[in-house]
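Each remark here refers to the structure printed beneath this line.
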Amino acid sequence: MKKYKLAVVGATGVVGQTALKVLEEKNLPISEYAFFSSKRSAGKTIHFLGKDYTVRELTDSSFDEGFDYAIFSAGGTTSKHFSPIAASKGCIVVDNSSAFRMDPEVPLVVPEVNPEEIPNNKGIIANPNCSTIQAVVALKPLDDKYKIKRIVYSTYQAVSGAGHNGIVDLETGIQNYIDPEHTPNDLVKFPYPIFNNCLPHIDVFLENKYTKEEEKMINETRKILKRPDMRITATTVRVPVFNSHSESINVEFEKDFDLDELIQILRNAPGVIVVDDEKHTQYPLATQASGHDEVYVGRIRRDESVDSGVNLWVVADNIRKGAASNAIQIVEKMIEQDQ
Ligand code: NAP
């Protein structure tokens, strides 16, 4: 079997560390790994698959040694500079940042939804925003069957989605609450305490009063589902949960549907687990989704205010399916297609 050379950029971050965990679980045919970070973490040791690796500083010459694939999770500025360099040296980059997602030349891929886009890459494939990935895994089979007319997204997003500093802010808030004598630590990520608050503000505000996270969900859903004119609105909210994003998704369809049939379609959908049994108090929870790659769907009920609509509660691990695992599944597909 052919073996490959893989680089992980941003290996010391929240997504990068989870990528290493997922790679250890998957045992892909990779013969050489290299782990990159900024100067700050260069020199640190990473224990991976029974070996010690030294983290290396990412430089313009890092890709001279001929990598087949690279997973980038190091922010948009790093991706914008280094991904084209890697691609020019024959490496295919799967990029977790938002730098290339809306570039018409760059496929935006969720393997359960649009794997056919993978071969259209010119050296860079974009991994969608975490909140978009879990939504489209649930929505694609419903769009195929009933044709979506309109979507209303309301999200409840975990602090891990804001990287290491987001986690620190929630930990600080908890510490300050349980120990009032303790001198409160400064916030390092959010503009207000995330502990005991819901912040309707993820990423920057735009001219039209939406946030960039909301705009990402709208535009990325349209691109992935190949429905450029789909009517979508979104409110994205950061909540005091450590990991896994929850989403309320209200969908209106062109065609009528039978609720039992719709639930069965979701049960059969790739990457979806239906947890929907109100009689036994069963619905998807962030704590249950954490550590898994599936998208959990529940609270499936007809929206009685429109002719053909449904409400869904969709939960997934934002660091795994929303970032690391999705990127590695893309690499896995490329390896399968190359064997
Ligand atoms: P994070 O915990 O802050 O980690 C950032 C990583 O990037 C660290 O390894 C850091 O290295 C590295 N880095 C920063 N500047 C660099 C540079 N100039 N050259 C090389 N490496 C550099 O952030 P994160 O949450 O893992 O997010 C990483 C990326 O994934 C972001 O683009 C984010 O938007 C995206 N993403 C995150 C999520 C999520 O749920 N967290 C979901 C989807 C996508 P040092 O250790 O040296 O600082």
Side-chain angles (χ1 to χ4, degrees), residues 1-101 103 106-109 111 118-119 121-128 130 163-164 319-320 322-339:
M1 184 187 247
K2 193 169 164 191
K3 299 266 185 179
Y4 301 85
K5 225 172 138 174
L6 176 80
V8 178
V9 174
T12 51
V14 171
V15 175
Q17 287 286 295
T18 303
L20 301 193
K21 208 185 296 171
V22 177
L23 285 167
E24 282 192 316
E25 292 165 13
K26 287 219 179 239
N27 196 21
L28 299 177
I30 291 169
S31 54
E32 270 186 68
Y33 290 92
F35 303 126
F36 295 99
S37 71
S38 78
K39 212 181 203 153
R40 284 181 296 275
S41 297
K44 279 190 180 166
T45 301
I46 286 182
H47 192 72
F48 176 76
L49 283 174
K51 267 175 69 178
D52 283 338
Y53 289 81
T54 303
V55 177
R56 294 149 61 181
E57 182 187 353
L58 186 68
T59 66
D60 286 356
S61 58
S62 295
F63 293 93
D64 290 354
E65 52 194 277
F67 291 100
D68 298 291
Y69 304 114
I71 295 170
F72 271 61
S73 314
T77 311
T78 307
S79 289
K80 269 194 191 132
H81 180 80
F82 291 99
S83 301
I85 296 176
S88 74
K89 306 259 160 83
C91 174
I92 302 181
V93 171
V94 180
D95 181 34
N96 263 311
S97 82
S98 59
F100 300 100
R101 288 181 190 149
D103 183 331
V106 174
L108 183 63
V109 175
I118 294 174
N121 79 80
K122 298 190 168 89
I124 302 175
I125 296 174
N127 209 50
C130 43
H164 177 71
I319 304 293
R320 287 187 66 111
S325 299
N326 196 74
I328 292 164
Q329 287 164 347
I330 293 171
V331 171
E332 205 174 6
K333 283 262 176 223
M334 288 192 282
I335 289 176
E336 272 169 35
Q337 288 164 1
D338 191 54
Q339 288 289 329

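Throughout, numbering of the chain's residues begins at 1 and tracks the sequence.
- A distance of 9.5 Å separates OG of S325 from CG of N127, quoted to the nearest 0.5 Å.
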Evaluate the criterion ring-ring contact (aromatic ring centres under 6.0 Å, His included) for residue pair F82 and F72; output intermediate values, then yes/no. CA-CA 9 Å; F82 291 99; F72 271 61; 7.3 Å; no
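- Taken from SG in C130 to CD1 in I319, the straight-line distance is 7.0 Å, to the nearest 0.5 Å.
- Between E336 and K2 there is no salt bridge, since none of the side-chain N atoms of the basic residue sits less than 4.0 Å from a carboxylate O of the acidic one.
- Nearest heavy atoms, Q329 versus P111: CB-CG, 3.7 Å.
- The backbone N or O of N96 sits less than 3.5 Å from a side-chain atom of R101, completing a donor-acceptor pair.
- Residues D68 and L6 are not in side-chain contact: their nearest non-hydrogen atoms beyond the backbone lie 4.5 Å or more apart.
- Going from atom CD of E24 over to atom NZ of K21 covers 9.5 Å, rounded to the nearest 0.5 Å.
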Show your working on side-chain contact (heavy atoms from CB on, under 4.5 Å) between F36 and V55 and close with a plain yes or no. CA-CA 5 Å; F36 295 99; V55 177; 5.9 Å; no
Pair T54, K44 - check side-chain contact (heavy atoms from CB on, under 4.5 Å), show working. CA-CA 6 Å; T54 303; K44 279 190 180 166; over 6 Å; no
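- In this structure, CD1 on I125 lies 11.5 Å from OG on S83, to the nearest 0.5 angstrom.
- Considering K3, K51, K5 in turn, K5 is the only one that fulfils the salt bridge (Lys or Arg N to Asp or Glu O under 4.0 Å) rule with E32.
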Evaluate S79 against D95 for side-chain hydrogen bond (donor to acceptor under 3.5 Å, both in side chains), listing each step before the verdict. CA-CA 7 Å; S79 289; D95 181 34; 2.6 Å; yes
I335 vs Y69, test: side-chain contact (heavy atoms from CB on, under 4.5 Å). Steps then yes/no. CA-CA 10 Å; I335 289 176; Y69 304 114; 3.7 Å; yes
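- Side-chain contact of T45 with D52: a donor-acceptor pair under 3.5 Å is absent, judged by distance alone.
- Side chain of T78 to backbone of A74: a donor-acceptor contact under 3.5 angstrom is found.
- Distance check: I328 CD1 to I71 CD1 gives 4.5 Å after rounding to the nearest 0.5 Å.
- Annotation for S73 and G16: closest pair CB-N, 4.3 Å, computed over non-hydrogen atoms.
- Below 30°, between 30° and 60°, or above 60°: for F35 and F48 the angle between ring planes is above 60°, a perpendicular geometry.
- The backbone N or O of I118 sits less than 3.5 Å from a side-chain atom of N121, completing a donor-acceptor pair.
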Give the intermediate values and the outcome of side-chain contact (heavy atoms from CB on, under 4.5 Å) for residues V94 and M334. CA-CA 11 Å; V94 180; M334 288 192 282; 3.9 Å; yes
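- The two residues V93 and A86 make their nearest non-hydrogen contact at CG2-CB, 3.7 Å.
- Closest approach of H164 to V14, counting heavy atoms only: N-CG2, 3.3 Å.
- Distance CD1/I85 to CG/D60: 4.0 Å, rounded to 0.5 Å.
- When the shell of 6.0 Å around NZ of K26 is examined, it contains more than 12 heavy atoms from other residues, nucleotides or ligands.
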